[in-house]
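Data block below; observations after.
Only this structure's heavy atoms are used, side chains among them; waters, hydrogens and symmetry mates stay out.
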Amino acid sequence: MEQKEIILSDIQLTEEDRAFVEERVGNGPYKTANDVVHAGLQSLQHAEAELKRLIQEGEDDIAAGRFYDFSESDDLAEFIIARSKTRHA
């Protein structure tokens, strides 16, 4: 699969973001602003992939009946307290 390079020359950064990038280039492990942006995008991709994985895990648990149904908020509080006590016993 051929990868096309897209040039985004009109990216506007806040002063705070600009300072962050400049610090990472000046004092951090990054050689260029592009390296900082690339690392940030990789981090975002990993976070989104993890979120999708967790959503799928939750949907799978619901489909398999692995969930609790609480009709009253007090029921939830009691469940959490009881579960905490059994884990710390």
Side-chain angles (χ1 to χ4, degrees):
M1 177 189 214
E2 185 181 330
Q3 225 178 357
K4 292 184 180 180
E5 185 173 331
I6 299 172
I7 298 173
L8 300 173
S9 59
D10 193 27
I11 295 176
Q12 302 295 317
L13 298 176
T14 64
E15 286 301 317
E16 183 180 346
D17 289 342
R18 183 180 302 277
F20 180 82
V21 170
E22 288 172 355
E23 168 154 352
R24 292 302 170 273
V25 172
N27 299 323
Y30 305 102
K31 293 180 182 178
T32 67
N34 285 338
D35 292 340
V36 176
V37 171
H38 180 71
L41 290 172
Q42 283 186 315
S43 179
L44 180 60
Q45 288 171 339
H46 290 301
E48 286 183 355
E50 178 65 3
L51 179 58
K52 286 179 184 178
R53 186 192 69 75
L54 290 170
I55 290 169
Q56 186 60 55
E57 183 179 317
E59 289 175 348
D60 292 346
D61 283 344
I62 290 169
R66 293 184 299 261
F67 65 93
Y68 298 95
D69 188 14
F70 301 100
S71 57
E72 302 290 330
S73 61
D74 289 343
D75 296 340
L76 173 59
E78 289 172 14
F79 174 82
I80 292 170
I81 291 168
R83 188 111 184 221
S84 175
K85 287 179 181 177
T86 59
R87 287 188 174 180
H88 296 289

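Grouping Ile, Leu, Val, Met, Phe, Trp and Tyr by side-chain contacts under 4.5 Å, direct or through others, puts L76 with Y68, F70, F79, I80. Residue F20 belongs to no hydrophobic cluster, having no ILVMFWY side-chain heavy atom closer than 4.5 Å to its own.
Classification of E48 and K52 as a salt-bridged pair fails, no side-chain N sitting under 4.0 Å from a carboxylate O.
Between the CD atom in E50 and the CD1 atom in I55 there is a gap of 10.5 Å [rounded to 0.5 Å]. For the atom pair NE2 (H46) and CG (L51), the distance works out to 14.5 Å, reported to the nearest 0.5 Å. For the atom pair CD of Q12 and CG of D17, the computed distance is 11.5 Å after rounding to the nearest 0.5 Å.
With a 6.0 Å radius and a threshold of 12 heavy atoms from other residues, nucleotides or ligands, E16 has its CD atom at or below the threshold. No more than 12 heavy-atom neighbours from other residues, nucleotides or ligands sit within 6.0 angstrom of CD on E72. Open room surrounds CZ on R87; 12 or fewer heavy atoms of other groups in view lie less than 6.0 Å from it.
Across A33 and V25, no two heavy atoms sit closer than the pair N-CG2, 3.6 Å.
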